[in-house]
Amino acid sequence: MDDVYNGMPASELATEGWRKPWSGGNGGSCVEVLRLGDGRVALRQSTDPDGPALICSGHGMADFIRAVKSGDADFLLV
């Protein structure tokens with residue numbers, strides 16, 4: 001998947017297989033994720049499925065999730 005890059009249209013990655021692991025009571029606006037075949041993770045806005053995708057390494061996503069779970073992002077809470 002050498003042609004995968006940050007900001008590419010998410011619909012060019014896949015039309016199926018996107019998941020909403022962080023969905024909540026936000027009126028349907030949430031982040032969707034897709035694990036790519038090479039281990040990277042793509043993120044997109046659910047209300048804009050053709051919009052830009054953010055591409056993260058698998059290790060980077062794992063580090064992010066661990067940091068959030070440990071409270072490193074609590075400053076973002078209102």
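Keep in mind that this is a model prediction, so the values were computed, not measured.
Counting all heavy atoms, side chain and backbone alike, A14 lies closest to R44 at O-NH1, 4.2 Å. Across all non-hydrogen atoms, the minimal contact from G7 to P52 is O-CB, 3.7 Å. Listed here is the closest heavy atom pair of P49 and S46: CD-O, 3.6 Å.
Residues S11 and D50 have side chains in contact (heavy-atom distance under 4.5 Å, counting atoms from C-beta outward). Side-chain contact between L34 and R19 is absent, with no heavy-atom pair separated by less than 4.5 Å.
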**Report entry** Stepwise side-chain contact (heavy atoms from CB on, under 4.5 Å) check, M61 with L43
**Finding:** CA-CA 10 Å; M61 181 56 67; L43 297 99; 3.6 Å; yes
**Report entry** Evaluation steps, side-chain contact (heavy atoms from CB on, under 4.5 Å), between V41 and L36
**Finding:** CA-CA 6 Å; V41 177; L36 303 175; over 6 Å; no
Query raised in the report: Is there a side-chain contact (heavy atoms from CB on, under 4.5 Å) between D38 and V4 once you walk through the steps?
Result: CA-CA 10 Å; D38 62 3; V4 172; 6.0 Å; no
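Between the N6 side chain and the I55 main chain, a donor and an acceptor come within less than 3.5 Å of each other. Proximity of a side-chain donor or acceptor of S57 to a complementary backbone N or O of R40 within less than 3.5 Å is not detected. A donor-acceptor pair under 3.5 Å links the side-chain atoms of R35 to the main chain of G39, judged by distance alone.
When the side chains of ILVMFWY residues are joined at heavy-atom separations under 4.5 Å, either directly or via intervening members, L76 and L54 end up in two distinct hydrophobic clusters.
Put simply, CG on D3 and CE on M8 are 6.0 Å apart, with the number rounded to the nearest 0.5 Å.
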